[in-house]
**Q** 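Below you'll find the structure I mean.
Numbers restart at 1 for each chain; the letters A, B, ... are given by sequence-line order, proteins then strands.
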Protein chains: 2
Amino acid sequence: MARRAAGRRPGDSGTREAILAAARARFTEQGFRETTMRSVAAAADVDPALVHHFFGSKEGLFATAMAFPFNPADMVAGLLAQGVDGLGERLVRTLLVTFARLGPANPMIALLRSAVGHPPAAQMLREFLTGAVLDPVASAVRADRPRLRAELCASQVVGILVAREVVELPELRAADTATLVAAYGPTLQRYLTADL
Amino acid sequence: MARRAAGRRPGDSGTREAILAAARARFTEQGFRETTMRSVAAAADVDPALVHHFFGSKEGLFATAMAFPFNPADMVAGLLAQGVDGLGERLVRTLLVTFARLGPANPMIALLRSAVGHPPAAQMLREFLTGAVLDPVASAVRADRPRLRAELCASQVVGILVAREVVELPELRAADTATLVAAYGPTLQRYLTADL
DNA sequence: ATCCGAACTCACCTGCCGTTGAATTCCACG
DNA sequence: CGTGGAATTCAACGGCAGGTGAGTTCGGAT
């Protein structure tokens with residue numbers, strides 16, 4: 001076993017960021033409970049105790065790792081600023097593009113996977129959805145029952161994620177962006193503006 | 001501690017069924033990995049070793065507990081037999097009614113929750129969806145890309161489940177059947193029959 | 001040059017989980 | 001009535017996970 005000498009490494013090791021990157025990938029792939037500190041440490045080529053040293057606990061690591069590399073609330077606000085016309089389509093397209101950009105370190109997938117069987121993560125997910133998406137969307141809607149409409153949209157969006165990432169339905173995974181936008185955009189638009 | 005004497009209990013104990021019921025409830029609530037044999041045993045008021053005695057392993061318990069109390073393929077076939085007209089609405093209504101009937105022992109929720117972080121369960125879920133729902137629906141659809149259409153429906157259905165049971169969006173949980181059927185029925189119908 | 005704190009590793013503790021094997025009690029059948 | 005097998009419990013093992021405390025090496029401010 002390539003045993004490394006104890007003690008601080010020379011230079012700017014960047015170890016903390018390596019741990020975070022590894023943690024994001026594992027959390028995205030397996031969720032909170034299935035991800036072990038030891039596996040994160042191994043992926044970052046580091047002693048498990050170091051992870052604890054930096055982040056205090058597994059919960060602390062999770063909380064830190066779940067930060068987005070951008071501000072989702074701003075993104076939603078930008079979409080809403082263009083009005084309700086075509087909003088459904090813009091939401092879907094933005095979602096897909098963002099996912100492609102995030103790649104293997106995707107906080108939304110990580111939260112979704114973690115929410116199952118780990119109540120604090122479910123809470124985080126609910127708060128994120130409510131504060132960054134549902135509330136702004138609901139207050140932009142000019143129709144009755146705006147909150148229900150926002151939640152209807154959320155249910156379809158969550159369904160896209162779970163169907164593609166968890167259940168891994170093949171044709172949904174293979175479909176290109178244009179097809180998905182054409183399929184889902186009108187659905188969201190209807191939830192936002194049509195008669196219920 | 002109310003310690004029970006070892007050995008067989010008098011009469012028809014019905015213990016096996018009690019264990020299965022407890023297992024279904026725990027798996028539905030928490031999924032495979034979070035459910036412990038010990039918690040199932042405790043809920044059934046039984047020694048953990050007895051669970052093992054009856055079902056061989058946790059996997060065995062899971063496989064046995066996941067059996068539906070009815071045949072879902074038959075149910076889908078019944079819906080399809082009435083033609084494609086109004087199929088979307090019938091699917092949603094049947095789903096909601098079935099869920100209400102299943103209550104706290106719901107194999108679909110259990111499979112969904114278990115699929116995260118436990119690949120064999122994901123496999124079971126995929127096979128169930130494909131064989132009992134996607135294939136029949138796809139072959140009933142009279143339009144281009146039938147399989148994609150079926151998967152689009154599945155993504156919305158899965159979204160309903162996750163949004164209500166995992167994320168627990170309040171207005172979706174509070175909404176009555178009529179509202180949900182009115183909202184989701186046309187979506188599914190469009191996925192099945194409209195131009196994409 | 002010195003020294004404090006931060007980065008890092010090691011060995012270890014504790015707790016839970018799935019599983020096992022033996023012992024006990026009861027039912028069914030002869 | 002006796003006997004074999006099924007139901008049931010107990011005690012325990014081995015593994016793995018999260019966490020801890022002490023010790024080692026380095027960077028940077030003084």
**Q** A:R26 has an atom CZ; how far is it from atom P of D:dA17, in whole Å?
**A** 11 Å

**Q** Are A:T187 and B:R190 linked by a side-chain donor-acceptor pair shorter than 3.5 Å?
**A** yes

**Q** Please tell me which of the listed nucleotides, C:dC17, C:dA7, C:dC12, lies nearest to the side chain of A:H53?
**A** C:dA7

**Q** On the 0 to 90° scale, with breaks at 30° and 60°, tag the B:Y191-A:Y184 ring pair as parallel, tilted or perpendicular.
**A** perpendicular

**Q** Is B:T36 near enough to C:dC16 that one of its side-chain N or O atoms lies under 4.0 angstrom from OP1 or OP2?
**A** no

**Q** Once you round it to whole Å, what is the distance between C1' of C:dT9 and CD1 of A:I19?
**A** 12 Å

**Q** Please report, rounded to the nearest Å, how far the P atom of D:dG15 is from the CZ atom of B:R38.
**A** 16 Å

**Q** Please report, rounded to the nearest Å, how far the P atom of C:dG5 is from the CZ atom of A:F54.
**A** 17 Å

**Q** Measure the distance from CZ on B:R33 to C1' on C:dC16 and round it to the nearest whole Å.
**A** 13 Å

**Q** Measure from the side chain of A:M37, starting at C-beta and using heavy atoms only, and say which of D:dG18, D:dT8, C:dG18 lies closest.
**A** D:dG18

**Q** Just how far, in rounded Å, is P of C:dT9 from CG of A:L50?
**A** 6 Å

**Q** I want to verify a distance call: between C:dA7, D:dT8, C:dG21, whose nearest atom is closest to the B:A49 side chain?
**A** C:dG21

**Q** In terms of relative ring orientation, are A:H118 and A:F62 parallel, tilted or perpendicular, with 30° and 60° separating the classes?
**A** perpendicular

**Q** Does A:S39 or B:D47 map to a spot on DNA chain D nearer the 5' end, using the closest nucleotide for each?
**A** B:D47

**Q** Starting at atom CG of B:L61, determine the distance to atom P of C:dC17, rounded to an integer number of angstrom.
**A** 15 Å

**Q** Select one nucleotide: of C:dT19, C:dT9, D:dA7, the one nearest the side-chain heavy atoms of A:V46.
**A** C:dT9

**Q** Would you mind checking if B:R164 and B:E168 are paired as a salt bridge, meaning a charged N to carboxylate O distance below 4.0 Å?
**A** no

**Q** If only side-chain N and O atoms of A:H52 are considered, is one of them under 4.0 Å from the OP1 or OP2 phosphate oxygen of D:dT20?
**A** yes

**Q** Does A:R16 reach a base, just sugar-phosphate, or nothing at all? Heavy atoms under 4.0 Å.
**A** nothing

**Q** Give the rounded distance in Å between these two atoms: CD of A:E17 and P of C:dA7.
**A** 12 Å

**Q** Would one find a side-chain N or O of A:S57 under 4.0 angstrom from OP1 or OP2 of D:dG18?
**A** no

**Q** Crowded around A:D176 CG? As in, over 12 foreign heavy atoms under 6.0 Å?
**A** yes

